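Nothing here was measured: the structure is a model prediction, and the numbers come from that model. Only heavy atoms go into these numbers, but all of them, side chains included; no hydrogens, no water, no symmetry mates.
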Amino acid sequence: WEDSGDYPRAFEHYRRANERPGTGFDPGGFCATVDGLIEFFTPARLAALPRASDTTGVPVFIVGMPRSGTSLVEQALGAHSRVWAGGERTELFHFVRELAGGDPGANWPGALDAVTPGRLDELAARYLAAVPDGGSDVPARATDKMPANFLNLGLAALLLPGARVVWCRRDPLDTGLSCYRQNFLSEGMAFARRLEHIGLYQLGCERLMAHWRQVLDLPIHALDYEALVGDFEAGIGALLDFLELPVESACLRPDLSERVVATASYDQVRRPVYASSVGRWRRYERELAPLRTTLAAGWPR
């Protein structure tokens with residue numbers, strides 16, 4: 001129905017597909033998580049906490065909302081001869097659970113008050129062990145494209161103090177619609193079943209990223225999807241400059257890469273860069289009212 005231009009009927013099918021009982025997303029719990037991270041990771045606390053000793057600049061965390069261009073960015077970087085594209089790595093979430101004694105809801109991030117430099121070194125070594133070691137061909141950068149790692153950047157700053165962060169941003173209505181149209185199977189994507197939850201998740205991501213930019217030493221490069229697809233060469237050039245990498249022509253044609261993509265964007269990254277998704281939300285302006293209302297209301301107080 002969407003292809004034929006009958007957007008109300010198409011959206012009705014999206015709505016019915018998303019109305020499964022029990023999304024598994026806890027709005028109150030998510031708000032508490034975001035607020036708890038902001039309350040814990042203050043400049044004073046960060047100055048007092050230990051750091052791992054390895055300050056390698058290899059790790060690059062690509063974070064933000066799902067469907068905000070993270071796969072396109074990693075595909076472009078993965079075409080570079082000095083970059084290893086690691087995909088959606090889950091180690092940081094596993095480390096959170098380990099450090100919290102198996103119960104992040106009760107013991108995180110407070111468990112970090114007792115963490116030792118040796119423990120951080122151990123976890124950092126485990127994380128870096130996944131990066132290929134090819135002698136002189138060791139990559140200059142290694143990407144981790146887990147969008148939800150925006151929740152874990154405080155830990156990342158302790159484990160991998162030389163890391164860099166790419167924050168992918170996109171129009172929240174286009175992002176929200178794209179999430180709603182996708183049949184995500186991951187438990188962590190349960191918020192995408194309801195427009196109100198998508199809006200709240202976006203507000204939390206924005207709120208937490210604004211905090212990280214204020215308090216963390218990690219360099220953070222904000223990359224807007226609309227600007228990227230509007231001038232891909234300039235956008236990728238600025239990104240490579242941020243990562244201190246020379247421009248390589250292969251990065252400008254990520255659709256030609258033979259790298260396997262196992263995310264919801266596996267099809268899009270096989271096509272030349274396009275801007276047709278920009279402003280798609282306007283087709284569903286009336287249907288997206290719950291999302292617009294949530295975004296306009298702002299973060300719950």
Would you say the side-chain atoms of [X] pair up with the backbone N or O of [Y], donor to acceptor, closer than 3.5 Å?
X: Arg141; Y: Leu243; value: yes
X: Asp174; Y: Arg280; value: yes
X: Thr143; Y: Lys145; value: no

To the nearest 0.5 Å, how far apart are [atom1] in [X] and [atom2] in [Y]?
X: Ile62; Y: Asn149; atom1: CD1; atom2: CG; value: 10.5 Å
X: Leu120; Y: Leu99; atom1: CG; atom2: CG; value: 7.5 Å
X: Ile236; Y: Leu77; atom1: CD1; atom2: CG; value: 6.0 Å
X: Leu92; Y: Leu159; atom1: CG; atom2: CG; value: 6.5 Å
X: Arg301; Y: Asp35; atom1: CZ; atom2: CG; value: 7.5 Å
X: Leu208; Y: Leu203; atom1: CG; atom2: CG; value: 12.5 Å

A side-chain contact here means heavy atoms from C-beta on lying under 4.5 Å apart; do [X] and [Y] qualify?
X: Ile220; Y: Arg164; value: no
X: His94; Y: Arg126; value: no
X: Leu228; Y: Phe232; value: yes
X: Met146; Y: Thr90; value: yes
X: Arg292; Y: Glu285; value: yes
X: His80; Y: Pro246; value: yes
X: Val278; Y: Asp171; value: no
X: Pro104; Y: Val96; value: yes

Face-on cation placement of Arg45 at Phe40 ring, 6.0 Å and 45° thresholds: yes

Distance under 6.0 Å and angle within 45° of ring axis: Arg283 vs Trp281: no

Can you confirm whether the side chains of [X] and [Y] place a donor and an acceptor under 3.5 Å from each other?
X: Glu287; Y: Tyr180; value: no
X: Ser68; Y: Arg170; value: no
X: Tyr127; Y: Asp144; value: yes
X: Glu196; Y: Thr294; value: no
X: Arg193; Y: Asn183; value: yes
X: Asp103; Y: Trp108; value: no

Aromatic plane relationship, Phe191 with Tyr201 - under 30° parallel, 30 to 60° tilted, over 60° perpendicular: parallel

Aromatic ring proximity Phe150/Phe61, centre distance under 6.0 Å: no

Is [X] atom [atom1] crowded by more than 12 heavy atoms from other residues, nucleotides or ligands, each under 6.0 Å away?
X: Glu122; atom1: CD; answer: yes
X: Glu233; atom1: CD; answer: no
X: Trp299; atom1: CH2; answer: yes

Return the minimal non-hydrogen interatomic distance between [X] and [Y], and the atom names on each side.
X: Ala250; Y: Ala79; value: O-CB, 3.5 Å
X: Thr175; Y: Pro66; value: CG2-O, 3.4 Å
X: Pro117; Y: Pro50; value: CG-CB, 3.7 Å

Short N-O contact, Glu98 and Arg119, less than 4.0 angstrom: yes

Stepwise side chain to side chain donor-acceptor pair (under 3.5 Å) test for Tyr284 and Glu2: CA-CA 10 Å; Tyr284 298 99; Glu2 184 172 273; 2.4 Å; yes

